[in-house]
Amino acid sequence: MADDKKLTPRSEDFATWYNEVVQRAELADYSPVRGSMVIRPWGYGIWENMQRALDDMFKETGHENAYFPLLIPMSFIEKEKEHVEGFAPELAVVTQAGGKELEEPYVIRPTSETIIYSMYAKWVQSYRDLPILMNQWANVMRWEMRTRLFLRTAEFLWQEGHTAHATAQEAEEETLMILGLYRTFMEDWIGMPPITGLKSESEKFAGAVRSYSCEALMQDNKALQAGTSHFLGQNFAKQFDLKFQSEAGQEEYAWNTSWGVSTRLIGGLVMTHGDDSGLIVPPRLAPIQVVIVPILKGDDPSAVLEKVDEVAGRLKAAGVRVKIDARDNLSPGAKYYEWERKGVPFRLEIGPKDLEKGSVALARRVVPDGAKRKSFLPEAQAVAEMPDLLEAFQSELRDAAKARREENTVRGVKSLEELEEALDGGAGFVFTGWNGEPAVEDAVKERTKATIRCLPGDEFRSAETPSKCVSGSGDSVTEVAWARAY
RNA sequence: CGGGGCGUGGCGCAGUCCGGUAGCGCACCUGCUUUGGGAGCAGGGGGUCCCCGGUUCGAAUCCGGGCGCCCCGACCA
């Protein structure tokens, strides 16, 4: 008999492990539509918690939500040259509606810069109308050749922020502020600490002047671009006539930024924290933080169920998201495996023995070295300490991920041979000098499949600034972080 | 688009080479006994064998043509 209860171990086949976790933790499932997935309640619940946290952060920094159409006139996409070149191959186009051929085709938005800035142009006359700070929660579609659950789907959910400013400096400050906001969110909520920095010219967003990104390191040591923030300059403003009259009375084009994170973050969460038993959800994002499994013995389960209700009520009052799993068709062990697979941080078991002793059994989803998975403690203590236990669990996940990122980062690499050796030896990020030439990126990619993930920001740079380019030709003009990427 | 693997009850698979009217495990339903790490026994329900065409008395199986999915590559915020 094939044992289909166990997951493929990460060490055996990371890609298969990932697919199994996503499906068996009920995050998502394949749909009848090519490349599009169904996000199931457990996955969507995590996304809702991400949305809530991010939305609060956007509002705190002065942004408002709005909504723009799904369909964008083809001519809009074509206005910005680099933009259309970047997106043309992956557009889905609507040519018919109402039983008739459309006069002008619509594209299903791959991103909304064009339609949003066309509207901003209507709304802005004076510098007094700026800045405009808007965000949209939406779905977008990009017809990718090869898709993977959450990491690259044809349709995905995201937020896209779009701002317009009177000066380049203000727009640049916005771009970097959002980059920092994303980083904080990834560290404090997902427990997935990224490195951040500027994209190289070849990797920047189609239509941007500069792109910044958050790059997180997964357990297989591949990098995941987890969020981007773009300084668009006046590229779109000029094409969509987004002008304003300045304080000095001059007519000027506005300066734009755009920035986004998507449901890809859920894929990042899985590959950052998951283990061979399944998913592990950071407490702040977990739809259920504590599951209570009643142990029902003998003829009369009512006393245990009453106690379970009472404990759940007190945990809820303390702000903890609790679920009672009182299904009577499953044994306790089967429930344990299920909730562990789904990544719930803590489990409480309450049975007849606990009623006698006033205790509960507390099991952790992640067991620290040398500790035991289960501990037995007084009920009052378990309830009182739970909020702190959840926060401690959250921090442990983040710290472990950060430690893993640093352990797998190699600095001070000075030649292509060393770079290749490091990557083949399983390194994640490899820091080197770079002369700024795209030819070096091509050569490295050809040889190692790694790309420049970013030109790291101040605090991620090495103590010793590299002086020579990793290619051996010329001086380094900047340090760069290389990695194989998703 | 190139290479590889695969389409058979909800899931995972066997059966295909060698044609004979579909089977196993899990899941599901009913009953009883159970429940502190994937419960047991008994009974039961469920399948256009991816699609179209051909060969044949007869096709999951043979032949031809499609379609779809997964992995690796190429490509891609």
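Just so it is clear, the structure is predicted and the values come from calculations on it, not from any experiment. Below, chain A is the first sequence line, B the second, and so on; all start at residue 1.
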Exercise for the section: Report yes or no: is the cationic atom of A:Arg461 (NZ for Lys, CZ for Arg) closer than 6.0 Å to the six-membered ring centre of A:Phe431, at no more than 45° off its axis? Expected result: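 Relative to the ring axis of A:Phe431, which defines the angle, A:Arg461 lies outside at least one limit.
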Exercise for the section: Measure from NZ or CZ of A:Lys79 to the centre of the six-membered ring of A:Phe240, then state whether that distance is under 6.0 Å and the direction lies within 45° of the axis. Expected result: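 Geometry flag: set, cation within 6.0 Å and 45°.
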Thinking salt bridges, do [X] and [Y] make one under a 4.0 Å N-O criterion?
| X | Y | value |
| --- | --- | --- |
| A:Arg183 | A:Glu187 | yes |
| A:Glu340 | A:Arg364 | no |
| A:Arg10 | A:Asp276 | yes |

Exercise for the section: Classify the ring geometry between A:Trp259 and A:His63 as parallel (under 30°), tilted (30 to 60°) or perpendicular (over 60°). Expected result: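 Rings of A:Trp259 and A:His63: perpendicular, over 60°.
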Exercise for the section: Using the six-membered ring wherever Trp is involved, compare the ring planes of A:Trp189 and A:Phe185 and label them parallel, tilted or perpendicular (cut-offs 30° and 60°). Expected result: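 Taking A:Phe185 first and then A:Trp189, their aromatic rings lie parallel (interplane angle under 30°).
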Per [X] side chain, nearest of listed nucleotides [options]:
| X | options | value |
| --- | --- | --- |
| A:Lys374 | B:rG73, B:rG36, B:rC70 | B:rG36 |
| A:Tyr336 | B:rC70, B:rG36, B:rC28 | B:rG36 |
| A:Met145 | B:rC76, B:rU35, B:rA74 | B:rA74 |
| A:Arg373 | B:rG37, B:rG38, B:rG36 | B:rG37 |
| A:Ala334 | B:rG36, B:rG38, B:rC71 | B:rG38 |
| A:Glu90 | B:rG36, B:rC76, B:rC70 | B:rC76 |

Euclidean distance for [atom1], [N] against [M] (whole angstrom):
| N | M | atom1 | answer |
| --- | --- | --- | --- |
| B:rG65 | B:rU55 | C1' | 15 Å |
| B:rG36 | B:rC52 | P | 50 Å |
| B:rG68 | B:rG44 | P | 42 Å |
| B:rC13 | B:rG58 | P | 34 Å |
| B:rC41 | B:rC26 | P | 9 Å |
| B:rC18 | B:rC76 | C1' | 48 Å |
| B:rC71 | B:rU30 | C1' | 43 Å |
| B:rG66 | B:rG23 | C1' | 29 Å |

Problem - Whether A:Tyr337 stacks on the six-membered ring of B:rG38 base, 5.5 Å and 30° limits - result: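 Here the ring of A:Tyr337 and the base of B:rG38 are stacked, with centres under 5.5 Å and planes under 30°.
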Does [X] reach a base, just sugar-phosphate, or nothing at all? Heavy atoms under 4.0 Å.
| X | result |
| --- | --- |
| A:Lys353 | base |
| A:Trp158 | base |
| A:Glu340 | base |
| A:Phe156 | base |
| A:Phe87 | nothing |
| A:Glu349 | base |
| A:Asn19 | sugar-phosphate |
| A:Arg264 | nothing |
| A:Pro89 | nothing |
| A:Lys199 | nothing |
| A:Arg347 | base |
| A:Ala15 | sugar-phosphate |

Now, which nucleotide makes the Watson-Crick or G-U wobble pair with [N], with each of the two distances under 3.5 Å?
| N | value |
| --- | --- |
| B:rC41 | B:rG31 |
| B:rG2 | B:rC72 |
| B:rG19 | none |
| B:rC11 | B:rG25 |

Practice task
Could you pick out which residue, A:Arg341 or A:Phe205, lies toward the 5' side of RNA chain B when each is mapped onto its nearest nucleotide?
Solution key: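 Mapping each residue to its closest nucleotide by heavy atoms, the 5'-most match is A:Arg341.
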